[in-house]
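Below is one structure, written out as structure tokens; comments come after it.
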Amino acid sequence: MKKILIAGVLGLGLVGCSSVSVKTVPVGTIKQAPQLCIEDNPKVTVPEFNTYLKDAFSRHEINTKLYDKGAVAAECRYKLNYVAYRSWDIAMYLSQIKLDLFEGDKQIAELDWKQGSGAINKWRSTEGKVFDAVDQLLGEAKNKGEVVK
């Protein structure tokens, strides 16, 4: 009976986890360009997602500029495409982030993060989740003493 109970508790714990698949790029690679061009995704309905995304790169001293979908300027050396999804469980929460970073037409980094539906911290702020995603994409964790909402 004890073994069944322990297996059940462990199983529930795994359901609540988040998963991340990431291919990083050194932050210095992006800093050498005048700016990172972010292609707006009008299908993303997460409030203030673009603002948080720009702020997250700014924390790494990377200038960004938001472009309308399909209108990214030719002089943009680095371009970021993104997707974000929300889920519902008593309230809306950010449940998935996908970031694809390109140098010209070549993908140089990507992140696919998914929040487990049973995670205790699933209602954590969108800002904190976006900051963490960008930190992971750039392979660089910010100061442990910083408060991330």
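- The backbone N or O of Glu61 sits nowhere less than 3.5 Å from a side-chain atom of Ser58 that would complete a donor-acceptor pair.
- The CZ atom of Phe131 sits 8.5 Å away from the OG atom of Ser125 when rounded to the nearest 0.5 Å.
- Taking 4.5 Å as the limit, some side-chain heavy atom of Ile62 sits within range of a side-chain heavy atom of Leu138.
- Under the 4.5 Å side-chain criterion, counting only non-hydrogen atoms from C-beta, Leu111 is not in contact with Leu101.
- Here CZ of Phe102 is found 8.5 Å from CD of Glu110. Values are rounded to the nearest 0.5 Å.
- Rounding to the nearest 0.5 angstrom, the gap separating the CD atom in Gln35 from the NZ atom in Lys65 is 6.0 Å.
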* Could you go through the side-chain contact (heavy atoms from CB on, under 4.5 Å) check for Tyr93 and Thr126 one step at a time? => CA-CA 8 Å; Tyr93 65 95; Thr126 298; over 6 Å; no
* CA sep, side-chain torsions, deciding dist, call: Asp112, Gln96, side-chain contact (heavy atoms from CB on, under 4.5 Å) -> CA-CA 7 Å; Asp112 191 3; Gln96 184 174 357; 3.4 Å; yes
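- Using a 4.5 Å heavy-atom threshold, the side chains of Tyr85 and Lys114 count as separate.
- Between Leu66 and Asn50, the shortest heavy-atom contact is CD2-ND2, 3.6 Å.
- Residues Pro47 and Arg86 meet the side-chain proximity criterion, which asks for heavy atoms closer than 4.5 Å.
- Atom NZ of Lys54 and atom CD1 of Ile38 lie 6.5 Å apart (nearest 0.5 Å).
- With respect to the salt-bridge test (charged N to carboxylate O, under 4.0 angstrom), the residues Asp100 and Lys79 do not qualify.
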* Asked: Could you walk me through whether His60 and Asp135 pass the side-chain contact (heavy atoms from CB on, under 4.5 Å) check?
  -> CA-CA 8 Å; His60 293 277; Asp135 289 350; 2.6 Å; yes
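- Distance alone, capped at 3.5 Å, places no donor-acceptor pair between the Thr64 side chain and the Leu36 backbone.
- The structure places OH of Tyr82 at 9.0 Å from CD of Glu39, a figure rounded to the nearest 0.5 Å.
- Gln32 places a side-chain N or O within donor-acceptor distance of the main-chain N or O of Thr29, the cut-off being under 3.5 Å.
- Proximity of Ile30 to Ile108: side-chain heavy atoms (C-beta onward) are separated by under 4.5 Å at one or more points.
- The side-chain heavy atoms of Val134 and Tyr52, taken from C-beta on, include no pair separated by under 4.5 Å.
- Here the closest heavy-atom approach between residue Ile97 and residue Ala133 is recorded as CD1-CB, 4.0 Å.
- We find the OG-CG distance between Ser87 and Leu94 to be 8.5 Å, quoted to the nearest 0.5 Å.
- Within the 4.5 Å cutoff, no side-chain heavy atoms of Asn81 are placed close to those of Asn41.
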